[in-house]
Student: 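One structure coming up, written as structure tokens, with questions to follow.
Just so you know, these numbers use all the heavy atoms, side chains as well, and skip hydrogens, waters and symmetry mates. Predicted, not measured: the structure shown is a model, and the values here were computed from it. Lettering follows sequence order; numbering is per chain, from 1.
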Amino acid sequence: MLDPKLLRGDLEEVARQLARRGFVLDIEQLQRLETQRRELQTETEKLQNERNQRSKAIGKAKANGEDIVPLLAEVSDLGDRLDSAKIKLADAQEQWETLVSGMPNLPHESVPEGKTEDDNVELHRWGTPREFDFEVLDHVDLGKKSGYLDFDLAAKLTGARFAVMRGPIARLHRALTQFMLDIQTEQHGYEECYVPYMVNRDSLFGTGQLPKFGEDLFKLDDERGYHLIPTAEVPLTNFARDEILDQAVLPMKLTAHTPCFRSEAGSHGRDTRGMIRQHQFDKVEMVQLVEPETSYTALEEMRGHAEAILQALALPYRVVTLCTGDMGFGAAKTYDLEVWLPSQETYREISSVSNCEDFQARRMRARFRHPEEKKPRLLHTLNGSGLAVGRCLLAVMENHQQADGSVTIPEPLRPYLGGVERLSL
RNA sequence: GGAGGGAUGGCAGAGCGGUUGAAUGCACCGGUCUUGAAAACCGGCGUAGGCUAAUAACCUACCCAGGGUUCGAAUCCCUGUCCCUCCGCCA
């Protein structure tokens, strides 16, 4: 959520910045709601004050043994007036909140302007795509022969956009997960966490999935409103919801390996082949809760933490800065890491690292207190994949495939696979 | 699933429906005293919104959440959530 104070200031400027990312702000409506809200609030508080004063007077009179009947008569209609004022105020507040909670974050000044992913700006590349002297297979074909990767079976068990992994591929998947988690905890200083895979609406509102993007989520069919997490960013970032953290515990660096569930509504027909786009995939997520002054340093650092995994796995990739039009709802700045896929001869997203500044923190009232400062301040929140395990698996399979259909295992990963140098599929 | 108990400020813990944003203790901050420290004593010590030049004063809200009763609710009633204990079941 944007700062309400900002929305009382230079609205034209806010609208201009939001327009950069393709969001049209209805300035008039916002101003109207704001004025209305303020008037109703003043009015309501005036009535509340009057009620409080008179009630106190009645209490006093009663204590002195005076007759309170005439005093009661004076307040007879106050209750009704107050009730109707409260209802009007609540209505105005709700309208205002609906509008404001649907506004995306302002892009950071360094974010390139653009409409689609084609306008993203490449920051750098690492590694060189391999030259193959045999016909490259994609991960689907690599896994199909042996049956170690089975989409038909998953379709029978559940439906489209699921996978069954078996044998060496299942083990490789697990090895990658453990490897990533170990790097993030042992080398990059994140605290390993285990979190619920279902969260409530408050958590989803806090990170910005709700109210606008509910259709991307799997909602459980019960009254509690639980949803399956689309990313561990949701539970991890919400650690700080309704908290005032001591400055000494910052930066708080959290990581978790979880499955992620996404309905992929609106992407019918996109990436229907293979593991690229699934309803369920595993991810090692990094989250940092930091002081505002350090959030952009932390962003660069986290990008490095994600890059370290790709480098260790000898996977060529590039980093792009997302343009204003391609960024997520809550992000002020986002880097995507795109790994080379030889079967597609292109780079595909494997990690996304974002600084949300105080946008999520404001939605979830996540604050910290500096011992020298009187008032608590909003945290800055960052999240990044480190990395998406499923996509990483297929990147390893495809990039390190051999003519005989086997896959060589990058050296740092071998300890996680009992020391083997290649997997026969 | 059944039966009970509970939720109050950073923590602990009071609180007959009436001037209670809330006693008291601890912690914390400032001060006095002291060579210094401790102790003692004095003072301060929540969050958010409104109004403001103001992080001043004032006003409003908040004692798990949402409803209700009342002139007035931390206190009474209803619903929900969470926690604890016992029984049953279960990984």
Side-chain angles (χ1 to χ4, degrees), chain A residues 1-10 30-101 194-206 210 220 222-227 235 238-250 252 292 358 360-379:
Chain A
M1 213 155 65
L2 298 179
D3 188 350
K5 292 196 176 66
L6 197 64
L7 299 177
R8 272 172 230 147
D10 192 351
L30 188 60
Q31 275 174 333
R32 187 171 50 76
L33 286 174
E34 170 62 12
T35 311
Q36 197 184 20
R37 197 204 97 250
R38 218 190 294 195
E39 279 170 9
L40 289 168
Q41 182 166 339
T42 312
E43 171 67 14
T44 305
E45 289 184 358
K46 222 171 79 188
L47 287 170
Q48 282 174 322
N49 185 17
E50 193 179 340
R51 181 205 59 196
N52 291 346
Q53 299 302 330
R54 291 191 184 264
S55 292
K56 276 182 189 174
I58 290 171
K60 241 184 242 179
K62 205 175 173 185
N64 294 336
E66 295 168 23
D67 182 16
I68 60 167
V69 173
L71 293 173
L72 288 179
E74 283 177 34
V75 294
S76 60
D77 69 325
L78 198 57
D80 290 340
R81 278 160 61 204
L82 184 56
D83 281 346
S84 83
K86 274 184 177 170
I87 290 167
K88 276 191 269 184
L89 175 61
D91 185 51
Q93 272 171 336
E94 199 188 312
Q95 283 186 49
W96 184 88
E97 270 169 32
T98 303
L99 183 68
V100 173
S101 65
Y194 174 86
V195 295
Y197 301 157
M198 305 171 202
V199 290
N200 59 32
R201 288 193 194 91
D202 288 346
S203 294
L204 289 160
F205 180 85
L210 290 181
L220 269 58
D222 72 358
E223 330 68 58
R224 285 174 290 208
Y226 292 168
H227 292 70
N238 274 281
F239 276 24
R241 174 155 53 84
D242 288 313
E243 299 290 338
I244 301 177
L245 301 177
D246 190 328
Q247 182 257 349
V249 307
L250 304 178
M252 191 178 276
D358 63 12
Q360 294 179 326
R362 185 171 293 106
R363 293 170 84 93
M364 61 174 78
R365 298 164 300 279
R367 294 165 294 172
F368 74 99
R369 191 194 304 276
H370 194 286
E372 313 273 294
E373 296 169 8
K374 196 176 167 200
K375 287 191 161 251
R377 285 194 288 150
L378 291 168
L379 293 162

Student: If you take atom types as modelled and just measure distance, does the side chain of A:K62 reach the base of B:rG18 with a donor-acceptor pair under 3.5 Å?
Tutor: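 Checked by distance alone, the answer is yes.
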Student: For B:rG21, what is the paired nucleotide under Watson-Crick or G-U wobble rules, both distances under 3.5 Å?
Tutor: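 By the stated definition (distances under 3.5 Å), nothing pairs with B:rG21.
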Student: What is the separation between atom NZ on A:K60 and atom C1' on B:rG18, rounded to the nearest whole Å?
Tutor: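 Taking NZ of A:K60 and C1' of B:rG18, I get 11 Å after rounding.
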Student: Considering Watson-Crick and G-U wobble pairs with both distances under 3.5 Å, what does B:rA38 pair with?
Tutor: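 Pair assignment: B:rA38 / none.
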Student: I'd like the C1' distance from B:rU79 over to B:rU85, given in whole Å.
Tutor: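 Per the computed distance, 24 Å lies between those C1' atoms.
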Student: OP1 or OP2 of B:rG46 versus the side-chain N and O atoms of A:R369: is any pair under 4.0 Å?
Tutor: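 No, no such contact exists.
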Student: Round to the nearest Å and state the distance from A:Q41 atom CD to B:rC51 atom P.
Tutor: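 That distance rounds to 8 Å.
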Student: Which residue lies toward the 5' end of RNA chain B, A:N52 or A:R37, if each is placed at its nearest nucleotide?
Tutor: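 On the 5' side of the pair lies A:R37.
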Student: Return the pairing partner of B:rU81 with a 3.5 Å limit on both distances, Watson-Crick or G-U wobble; otherwise return none.
Tutor: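 Partner of B:rU81: B:rA7.
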Student: So what does A:R365 hit on the nucleic acid, given a heavy-atom distance under 4.0 Å: a base, only sugar-phosphate, or nothing?
Tutor: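 Answer is nothing: A:R365 stays at 4.0 Å or more from every strand.
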Student: Could you measure between the two P atoms, the one in B:rC71 and the one in B:rG66, and give it in whole Å?
Tutor: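 Pairwise P distance, B:rC71 against B:rG66, rounds to 23 Å.
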Student: Going by purine N1 to pyrimidine N3 plus the second Watson-Crick contact, or the G-U wobble pair, all under 3.5 Å, which nucleotide sits opposite B:rA74?
Tutor: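 For B:rA74, the partner nucleotide comes out as none, under the 3.5 Å rule.
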Student: Should the pair A:E34-A:R38 be classified as a salt bridge under the 4.0 Å nitrogen-to-oxygen rule?
Tutor: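 A:R38 and A:E34: salt-bridged.
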Student: If only side-chain N and O atoms of A:N49 are considered, is one of them under 4.0 Å from the OP1 or OP2 phosphate oxygen of B:rU60?
Tutor: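 Yes, A:N49 has a side-chain N/O under 4.0 Å of OP1/OP2 on B:rU60.
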Student: Check every atom of B:rU47, B:rA48, B:rG50 against the side chain of A:R8 and return the nucleotide holding the closest atom.
Tutor: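 Minimum distance to the A:R8 side chain belongs to B:rG50.
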Student: Does a side-chain N or O of A:R51 approach OP1 or OP2 of B:rA61 to a distance below 4.0 Å, or not?
Tutor: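 The answer is yes; a side-chain N or O of A:R51 sits under 4.0 Å from OP1 or OP2.
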Student: Name the residue closer to the 5' end of RNA chain B, choosing between A:G59 and A:Q48 according to the nucleotide with the nearest heavy atom.
Tutor: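 Nearest-nucleotide comparison on RNA chain B picks A:G59.
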Student: Taking atom C1' in both B:rU69 and B:rG13, what distance in whole Å separates the two?
Tutor: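 Their C1' atoms lie roughly 30 Å apart.
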Student: In whole Å, measure the gap between the C1' atoms of B:rU52 and B:rA38 for me.
Tutor: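 To the nearest whole Å, 45 Å.
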Student: Could you state the CZ-C1' distance from A:R241 to B:rC64, rounded to the nearest angstrom?
Tutor: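 Value for this atom pair: 14 Å.
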Student: Roughly how many Å is it from CD in A:E243 to P in B:rC64, rounded to a whole number?
Tutor: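 Interatomic distance, CD of A:E243 to P of B:rC64: 17 Å.
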Student: Distance check, P atoms only: B:rC62 and B:rU75, in whole angstrom units.
Tutor: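 Straight-line distance between the two P atoms is 10 Å.
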Student: In whole Å, what is the span from the CD atom of A:E50 to the C1' atom of B:rG72?
Tutor: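 The answer, rounded to whole Å, is 14 Å.
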Student: Rounded to the nearest angstrom, tell me the gap between atom CD1 in A:I244 and atom P in B:rG10.
Tutor: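 Going from CD1 in A:I244 over to P in B:rG10 covers 7 Å.
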Student: Roughly how far, to the nearest 0.5 Å, is CG of A:L89 from CZ of A:R37?
Tutor: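 Going from CZ on A:R37 over to CG on A:L89, the span is 8.0 Å.
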Student: So which nucleotide from B:rG72, B:rG18, B:rA48 ends up closest to the side chain of A:K375?
Tutor: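 Closest nucleotide among those given: B:rA48.
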Student: How close or far is atom C1' of B:rU60 from atom CD of A:E43, stated in whole angstroms?
Tutor: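 These atoms are roughly 13 Å apart.
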Student: If only side-chain N and O atoms count, and only distance matters, is there a donor-acceptor pair under 3.5 Å linking A:R241 with A:S203?
Tutor: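 A:S203 vs A:R241: donor-acceptor pair found between side chains.
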Student: Looking at B:rC58, which nucleotide sits across from it as a Watson-Crick or G-U wobble partner, both distances under 3.5 angstrom, or is there none?
Tutor: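 Here B:rC58 is engaged in a pair, and the nucleotide opposite it is B:rG50.
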Student: Whole angstrom is fine here: how far is it from CG in A:D242 over to C1' in B:rG10?
Tutor: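 So the two atoms are 16 Å apart, to the nearest Å.
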